[in-house]
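Within every chain, numbering begins at 1; the chains are lettered A, B, ... in the order of the sequence lines, protein sequences first and strands thereafter.
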2 protein chains.
Amino acid sequence: MDMNCALPDRDSGPCQAVEATLSRIGDKWSVLVVTLLRGGSRRFNEIRRLVPSISQRMLTLTLRGLERDGLVLRTVTPTTPPRVDYELTELGHSLAGPLDALRDWAVAHRPAMQAAQAAFDGRHAEAA
Amino acid sequence: MDMNCALPDRDSGPCQAVEATLSRIGDKWSVLVVTLLRGGSRRFNEIRRLVPSISQRMLTLTLRGLERDGLVLRTVTPTTPPRVDYELTELGHSLAGPLDALRDWAVAHRPAMQAAQAAFDGRHAEAA
DNA sequence: CTGCATCCCAGTAGATACTG
DNA sequence: CAGTATCTACTGGGATGCAG
């Protein structure tokens, strides 16, 4: 999070910013949750149901992290039972562009990556 | 890497692709190395010098991963001492667009994120 | 319903030393 | 020069149980 950065063509400002951003969205769940919330406000267990493979703990941690970084707004309605809604902030919505770019690249080039992986693994299977 | 994906507005294809991509570039060093190689071919220890904080082991592992996924080409020249050059493949270069988009977003919104973090931490410091 | 606390395991980073 | 091997330490993340 606070590493040296010796890129030749760029000072450390952009580099640290990218590092910080990747350590936020580079984890296992953040992009998934953010993408989900692009569809509108959701309650806690609603998200859980939509992402069955996430554990309660990780959803809590992910939402806390996103809230801390100002990407998600958490609204508590103190009824009984309590109701907590999560929605993207404007900052959160502004991530849509870069995320779409990444998704488009990922979709377009995944076959190439998988082919490269298969070729690499085949090349190195002979050794074993 | 092979997780369930229950996004409402997208089938699992794009989602898995994004997951795969993030697990590639979401680590600590890959983006740094790729960005570095955008400036042209580099030798192993050349990269090490340019990224002083990376360990020899992690540089090896990072380059292997990128090579396996077809983003980086590894060229061995069997002289004494041996010479190994790394350069981006066409696939690697195609990452430039999304990476730039991410960097621009990161640079533009980092102040907002840092402010949000400070506010969040301040809000929760009172509790302690 | 929401979410915090605890325990526990597996994966992965780092340091160091050694090899072709 | 360009790695590999090994060992240790840290962290992410799942399971479970408890609380407001």
**Request:** Rounded off to whole Å, could you give me the CG-to-P distance for the B:Leu59 and C:dT12 pair?
**Result:** 18 Å
**Item:** Presence of B:Tyr86 side-chain N/O under 4.0 Å of D:dC1 phosphate oxygens OP1/OP2
**Value:** no
**Message:** Please give me the minimum heavy-atom distance between A:Ala101 and B:Ala101, naming the atom from each residue.
**Reply:** CB-CB, 4.5 Å
**Item:** Side-chain N or O of B:Trp29 closer than 4.0 Å to phosphate OP1/OP2 of C:dG14
**Value:** yes
**Message:** For a quick check of understanding: with a heavy-atom distance under 4.0 Å over all strands, which category does A:Arg64 fall into, base, sugar-phosphate or nothing?
**Reply:** sugar-phosphate
**Prompt:** Is the distance from OP1 or OP2 of D:dC1 to the nearest side-chain N or O of B:Arg42 less than 4.0 Å?
**Reply:** no
**Request:** Please check if B:Leu50 and A:Val18 belong to a single hydrophobic cluster, counting links between Ile, Leu, Val, Met, Phe, Trp and Tyr side chain heavy atoms closer than 4.5 Å.
**Result:** yes
**Asked** C:dG3 phosphate, OP1 or OP2: any side-chain N/O from A:Thr60 under 4.0 angstrom?
**Response** no
**Message:** I want to confirm an ordering. Mapping A:Pro81 and B:Pro82 to their closest nucleotides on DNA chain C, which one lands closer to the 5' end?
**Reply:** A:Pro81
**Request:** Look at the side-chain heavy atoms of Ile, Leu, Val, Met, Phe, Trp and Tyr, link any pair under 4.5 Å apart, and say whether B:Leu59 and B:Tyr86 land in one connected group.
**Result:** yes
**Prompt:** With respect to the side chain of B:Phe44, which nucleotide from C:dT2, D:dG3, C:dA13 is positioned closest?
**Reply:** D:dG3
**OP1 or OP2 of C:dC8 under 4.0 Å from side-chain N/O of A:Arg57** = no
**Asked** Roughly how many Å is it from CD1 in B:Ile47 to C1' in D:dA2, rounded to a whole number?
**Response** 12 Å
**Message:** Measure CG/B:Asp85 against C1'/D:dC1 and give the value in whole Å, please.
**Reply:** 12 Å
**Request:** Select one nucleotide: of D:dA2, D:dG3, C:dA15, the one nearest the side-chain heavy atoms of B:Asn45.
**Result:** D:dA2
**Complete:** Heavy-atom nearest pair, B:Arg42 first then B:Leu36, reads NE-O, 4.3 Å
**Item:** Nearest-angstrom distance from the residue atom CG of B:Leu63 to P of D:dA2
**Value:** 11 Å
**Under-4.0 Å side-chain N/O to phosphate OP1/OP2 contact, A:Arg74 with C:dG3** = yes
**Asked** Between C:dG14 atom P and B:Leu61 atom CG, what is the distance in whole Å?
**Response** 10 Å
**Request:** State whether B:Arg43 places a side-chain N or O below 4.0 Å from either non-bridging phosphate oxygen (OP1 or OP2) of D:dA2.
**Result:** yes
**Request:** Indicate the atoms forming the closest heavy-atom contact of B:Leu95 with B:Pro98, along with that distance.
**Result:** O-CD, 3.3 Å
**Request:** Round to the nearest Å and state the distance from B:Met58 atom CE to C:dT12 atom P.
**Result:** 10 Å
**Request:** Measure the distance from CD on B:Gln56 to C1' on D:dA5 and round it to the nearest whole Å.
**Result:** 12 Å
**Whole-Å distance separating the CD atom of B:Glu46 from the C1' atom of D:dA2** = 14 Å
**Asked** Does B:Lys28 place a side-chain N or O at less than 4.0 Å from the phosphate oxygens OP1/OP2 of C:dG14?
**Response** yes
